[in-house]
Amino acid sequence: MFRIATLLFASLLAAEVTAEPSEPSRTVWTNARIYTASPAQPWADTLVVENGRILAIGKQADLAPWRRAGSVHRDLGGRLVLPGLIDAHAHPGYIALFNDLLELPEAPDRPAQLADIEALIEAHPDRELIHAMGWDNRWFGTEGPHRRDLDRLESERPVILWDVTLHNIWVNSRVLEIAGIDETVIDPLPGVSYFQRDASGALTGYITESAATDLVNRFRGLDATGERMLLQYLNYLSSVGVTTLFDAGNFGADEPVYAAVSRLDESGRLPVRYFGAYTLFLRRQIPDAIRRLKELGERFNGDRLRIDTLKIYLDGVVESRTAHLIEDYADTPGNRGGSMLSREELKQIILELDREGLNLHVHALGDQAVRNALDSVEDARAALGRPLAIRVALTHLQLIDPADRPRFAELNVIAQFTPAWHGHDVPIYEAALGDRVKHTYPVRPLLDSGAVVNFSSDVYFPSEWHDGSASPFTGMQVGHRRQYREDAPDGPRSGPASERLSLEVLVDGYTRGGAWQLGQEAELGTLEPGKRADFIVLDQDLFSMDPSRIHELRPGLVVVDGMPRGNPPD
């Protein structure tokens, strides 16, 4: 892909210019179209870098005083330069932990799904554990699948199958037996995180949300293969322009993941700035969550790794009818999902985080969960008598009640979206949400109110990496068109036309907005004097190219702290 441009950049980097011995080398990047993401100066053509920092940026004619003998000059031939991209909600640890995850093909109906599962089990006779993902929630109703169907296919080996959302599992009886789980098991959060039972009270093998994750943790770990995949994935993210990311948590496996990242950092092999979180996903963690977060930071913070955020898994997802809604689900009257924490509990956590100077990242997908989180922030501000001194982000935001949309800006709460999800709506959402499906992921009203908005990949299983879903350029394309990559230009779109975001807005969210979430706006997110020299060079113009091909973009050059990392040809 883009071989000519890549080879050009390789030859450009091979040129050697010797700096004056008494002065540090200075690089002047010229003849470029530089989108700075800074409202004060959105465009420039020349960038001066020294010791990993931006010394000056602007028009070439105005920057003559910054040139000197010994400077390295790089002519970019009119190419587009963007600030280094920030993935504000990623899961590299999940990619590593699920390195051996099998994948089911997409099935058109329930019989085909069961046939595919049977074929997958038969195709792996030597595996001690069948661990796979991809069954479609639509084919098993709101009650979910039953273990008896898996028991008919495999009764000796444990079988764990994640649904397409990777939020819920379907297991055979052997899994429950090995884990020592029977009908006496207590649901972590009834109606949201639970072990499904049939009319007689017997476990069906359908397990949702944090109960599912807690069970699977007994069967998985981070091995050497996973560590290698972690590095490969991080190098991939770097190759598609990500220079900084936020790891949104590893649900019980935070310690081994950050230990592996720390080893990369200490050996100089960590290709990105890596911000991490401790995940609070079970109520039993509440008393020790902040202490555990601090301990992770004390043990593993380093040059490029910093763990300073508590991730709270507040509600579920629409697919399993566990996201917390203001009104009932259309197809399950009486059910609105639920939230793990009360308004008061979350307020107290926010107050403690504020005292410790630690940030907060909240999974809030349903409109009631969003409202609960905003209420808790408002209560904490009232108790303090001032705005919070930390950064609070709410992530996913599939539904936001119109009355709550202005509150993000009013309360300084960051809105974090995954635009690759913002294509046209699928039938399962229409069945669950009814008319509410017409304006899911409402980005534009938040932007119009002045809220800080940013964007992310939220990819957590290997096939999404390999199909390009993790690339920020995939997110930009879908967020711009409100269509999925494979959709024709005249195909269905999601939401009103106003939600088709401009590419400038999307780049700002992947740069300036991400830096704000991390508390790094003085260092990252825009190309301005004094900031770190993180930027990428594209051989095609994002702003004028065919928008249906944006997802194919891959930078010819990625620069972190002024140091170039070239992409090898595919």
Side-chain angles (χ1 to χ4, degrees), residues 86-103 124 127-134 160-162 165-167 169 210 212-240 242-279 281 292-293 296-297 299-307 309 311 313 361 363 418 420 456-472:
I86 298 174
D87 189 334
H89 185 114
H91 288 288
Y94 257 38
I95 297 290
L97 290 161
F98 290 158
N99 66 84
D100 63 346
L101 189 69
L102 302 171
E103 187 170 2
H124 297 89
R127 285 208 175 203
E128 296 180 0
L129 166 68
I130 300 296
H131 186 202
M133 66 82 56
I160 299 174
L161 304 180
W162 293 91
T165 72
L166 215 71
H167 278 251
I169 58 173
S210 55
T213 303
D214 195 36
L215 173 59
V216 175
N217 283 345
R218 308 184 197 190
F219 291 84
R220 69 174 187 177
L222 186 61
D223 56 16
T225 300
E227 288 204 32
R228 287 192 296 271
M229 183 172 281
L230 175 66
L231 178 57
Q232 291 167 5
Y233 183 59
L234 293 174
N235 280 328
Y236 166 77
L237 290 178
S238 175
S239 79
V240 290
V242 174
T243 57
T244 300
L245 65 81
F246 171 67
D247 184 331
N250 299 284
F251 297 86
D254 293 313
E255 184 170 338
V257 168
Y258 294 135
V261 177
S262 178
R263 286 190 285 272
L264 294 176
D265 191 20
E266 291 174 351
S267 64
R269 293 181 295 155
L270 185 58
V272 296
R273 306 184 199 286
Y274 199 117
F275 289 78
Y278 173 72
T279 319
F281 68 105
R292 293 291 305 278
L293 167 59
L296 287 172
R299 289 182 59 190
F300 299 123
N301 283 352
D303 182 27
R304 289 190 172 177
L305 173 60
R306 179 173 173 179
I307 305 165
T309 300
K311 160 71 177 295
Y313 196 78
H361 197 83
H363 169 115
T418 302
S456 70
S457 65
D458 197 23
V459 161
Y460 37 75
F461 52 94
S463 65
E464 286 188 302
W465 158 21
H466 299 305
D467 74 8
S469 295
S471 170

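Everything numeric here is computed off the predicted structure, so don't read it as measured data. We number each residue from 1, following the sequence as shown. All heavy atoms count here, side chains included; hydrogens, waters and symmetry mates do not.
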Legend entry - Residue pair A260 / L230: nearest heavy atoms and the distance that separates them: CB-CD2, 3.8 Å
Inset, instruction - Name all residues meeting the salt bridge (charged side-chain N to carboxylate O under 4.0 Å, His left out) criterion together with D467; count only those two or more places apart in sequence or in a different chain, and write none if there are none. - result: R485
Inset, instruction - Determine the minimum heavy-atom distance between P92 and L245, stating which atoms define it. - result: CG-CD2, 4.0 Å
Inset, instruction - Mind listing the closest non-hydrogen atom pair of P271 and L231 along with its distance? - result: CD-CD1, 4.5 Å
Legend entry - Least distance between heavy atoms, V216 atom then I160 atom: CG2-CG2, 3.9 Å
Inset, instruction - Kindly compute the distance separating CG (L101) from CE (M133), expressed to the nearest 0.5 Å. - result: 6.5 Å
Inset, instruction - Assert yes or no for the condition that the ring centre distance of F251 to F281 is strictly below 6.0 Å. - result: yes
Legend entry - For E255, all residues meeting salt bridge (charged side-chain N to carboxylate O under 4.0 Å, His left out), sequence neighbours excluded: R299
Legend entry - Heavy-atom pair of closest approach, residues D254 and A277: OD1-O, 3.5 Å
Inset, instruction - May I ask you to decide if the ring planes of H131 and F98 are parallel, tilted or perpendicular, using 30° and 60° as cut-offs? - result: perpendicular
Inset, instruction - Measure up the Y236 and W465 rings against each other and bin them: parallel (under 30°), tilted (30 to 60°), perpendicular (over 60°). - result: tilted
Inset, instruction - Hey, could you give me the OG/CG distance between S262 and L296, rounded to the nearest 0.5 Å? - result: 11.0 Å
Legend entry - Given D303, D247, T244, D265, the one that forms side chain to side chain donor-acceptor pair (under 3.5 Å) with Y274: D247
Inset, instruction - Indicate yes or no for a side-chain donor-acceptor contact from N99 to the backbone of A96 under 3.5 Å, with no hydrogens or angles considered. - result: yes
Inset, instruction - Anything under 30° is parallel, anything over 60° is perpendicular, the rest tilted; go ahead and classify F246 against H89. - result: perpendicular
Inset, instruction - Nearest 0.5 Å please: distance from the CG atom of D100 over to the CE atom of M229. - result: 8.5 Å
Legend entry - Over 12 non-hydrogen atoms of neighbours within 6.0 angstrom of CZ in R292: no
Legend entry - Approximate separation, where rounding is to 0.5 Å, of T309 OG1 and H361 NE2: 8.5 Å
Inset, instruction - Answer whether the closest heavy-atom distance between the side chains of I307 and L293 falls below 4.5 Å. - result: yes
Inset, instruction - For the pair H91 (side chain) and N250 (backbone), establish whether a donor and an acceptor sit closer than 3.5 Å, ignoring hydrogens and angles. - result: no
Inset, instruction - Kindly say whether S457 contributes a backbone atom to a donor-acceptor pair with the side chain of D87 at under 3.5 angstrom? - result: yes
Legend entry - Separation of L237 CG from S471 OG (nearest 0.5 Å): 9.0 Å
Inset, instruction - Grab the two heavy atoms, one from L102 and one from R127, that are nearest each other, plus how far apart they are. - result: CD2-NH2, 3.4 Å
Inset, instruction - To the nearest 0.5 Å, tell me how far F275 CZ sits from N301 CG. - result: 9.5 Å
Inset, instruction - Check for a donor-acceptor pair, side chain of Y94 on one end and backbone N or O of G249 on the other, with a separation under 3.5 Å. - result: no
